[in-house]
There are 2 protein chains.
Amino acid sequence: MTTDKKNTKEKILEAAGEVFAQKGYAGATVREICDLAGANVASVNYYYGGKEGLYKDLCHHLFAEVFDQFPVTKDFPEGTGPEERLAFFVEGMLNRLLEHVQEGGLPKKSQLLARELAAPTKVMDSLVETFVRPTAGQALDLIRRILGPNVPEKEAAKCLLSMVGQCVYYSLARPIFSRLELLDLNQPGIVQELAEHITRFSLGGMAAVRREAEGDTVSGAGGGREGMA
Amino acid sequence: MTTDKKNTKEKILEAAGEVFAQKGYAGATVREICDLAGANVASVNYYYGGKEGLYKDLCHHLFAEVFDQFPVTKDFPEGTGPEERLAFFVEGMLNRLLEHVQEGGLPKKSQLLARELAAPTKVMDSLVETFVRPTAGQALDLIRRILGPNVPEKEAAKCLLSMVGQCVYYSLARPIFSRLELLDLNQPGIVQELAEHITRFSLGGMAAVRREAEGDTVSGAGGGREGMA
DNA sequence: AAAAATTTAAAACAAACGTTTAAAGCTGTC
DNA sequence: GACAGCTTTAAACGTTTGTTTTAAATTTTT
């Protein structure tokens, strides 16, 4: 009963993570996955019904894992302000995207996410509904509270995208800024450092959006909501 | 001498743009490209030395086109502040990434960029050196001027990534937020609207970073540098 | 221990891949 | 018109792809 050696099914899933992340869906081959798993070529069809089924199972497995591991909300004390909650959200989000940096593994989830963004498969639909939509809703609530009642809904959505965009970009654009030598993601504590930056940057950005919505005229006296974090 | 009908070579490049963007490098087939171009299967090898050569030529061709079409700097009047220059930069950058939205074509460049990010090929190196590095340098200069002398270089780099990250995200993450119905990129004037948002958001974010670097103590009196856009 | 169900294994499948080949078509110059 | 130099064509090349098949091995149940 699987005491020492793992299931063939699990070994295939693990190997698929490596190969799909590295080669993409089209680029990966069933043979390479099975070789890496030490299993026969026919195993993929036997356990997952084919290459496509394996890919879908893998995606859901990986995302469920990392979403479980890093929450973006928690039970704060009653009076906790939205700024502090946002900081926690950003750090959780960034951890989900950059988990591999600290754990020292291959960036499987980020790679698969990047590939799904570049070429959405059928998996994208279920991923968005299962994982992204709830998270986005939580973030939008926070953002609305920070922006106040005078900022239109559309502006709040743009702020959400601006904030999430930063998080995702640090994960996605690594091939670019590693070549530019702008930032070394491999130094210790980098994820928390980035989380702090993104939180500060985004709070500043949202303060500017709020000032704009509430009219520039009263900007002299501090706008009413920064400097109190 | 190519009066009406185009060169076979050019027709192949055009068809390659469609197919590579839609299917990716591994997913695209030489046969499909040639069929779409109305050319023989052997043409790709004849003109471009193979699938790989065609892909490289295509990438450079497309990026050169869009970088030419949308500059991110221009000759401003002498006294123009960095904020206004940044607004121009952001709009140019966003136009490069979302050009297809206004022109109503397929997002070939964005797709290819997304795919290169997800799985960098040899092309990524030359793309970064030819197109990205100069642009990043220009942006970093602007950002340094906005942040002032007290902000460390590393913080400036993070601000650059935060700003560029927003621009890229609006282009890259379309498969996600179109499913979330957060933002409709197809409405007229959306690119300029987003450019204004990103500029405002980023200036606010950088103001916050600057305040942090110059010490939070003097934050009460407005920080000294926003509200004058 | 025998029987049944599950899992692994090797081999073969047709289809599709990028590329090559060799011949035919074309265009311009002498 | 004949020759040379590009260009285009159809066919075939050897690989590699995902999947299927058939049988042996293993595990579970009786």
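Small disclaimer: the values here were computed from a predicted structure and weren't measured.
Note: Y25(B) and F20(B) have parallel aromatic rings, judged against thresholds of 30 and 60 degrees for the angle between ring planes.
Rounded to a whole Å, the CG atom of L54(A) is 10 Å from the P atom of dT19(D). Atom CG in N7(B) sits roughly 14 Å away from atom C1' in dT27(C) (whole-Å rounding). In this structure, CG of N45(A) is placed 15 Å from P of dT17(D), rounded to the nearest angstrom. Summarising the geometry, the separation between OH on Y47(B) and P on dT19(C) is reported as 17 Å, rounded to the nearest angstrom. As a whole-Å value, the separation of E52(B) CD from dG18(C) C1' is 12 Å. As a whole-Å value, the separation of Y48(A) OH from dT7(C) P is 12 Å. One interatomic measurement links the two molecules: CG of N40(A) to P of dA25(D), which rounds to 15 Å at whole-angstrom precision. One interatomic measurement links the two molecules: CD1 of I12(A) to C1' of dT19(D), which rounds to 14 Å at whole-angstrom precision.
Residue contacts for A28(B): at a heavy-atom cut-off of 4.0 Å it reaches the sugar-phosphate backbone alone, with no base atom in range. Nucleic acid contact for Y46(A): base, since at least one base atom lies under 4.0 Å from a heavy atom of the residue.
Note that K9(B) lies in the cation-pi zone of Y48(B), set by a 6.0 Å cut-off to the ring centre and a 45° limit from the axis.
Contact annotation: S43(A) side-chain N/O to dA9(C) OP1/OP2 distance is not under 4.0 Å.
The side chain of T8(B) lies closest to dT8(D) when the candidates are dT19(D), dT8(D), dG18(C). Among dT17(D), dT9(D), dT20(D), the nucleotide with an atom closest to any side-chain atom of A42(A) is dT20(D).
What you find for T199(B) and A195(B) is that their closest heavy atoms are OG1-O, 2.7 Å.
Nearer to the 5' terminus of DNA chain D, by closest-nucleotide assignment, is the contact made by K9(B) (compared with the other of K9(B) and V41(B)).
Put simply, CG on L113(B) and CG on L127(B) are 8.5 Å apart, with the number rounded to the nearest 0.5 Å.
Of the charged side-chain nitrogens involved, at least one lies within less than 4.0 Å of a carboxylate oxygen, so that K154(B) and E193(A) count as a salt-bridged pair.
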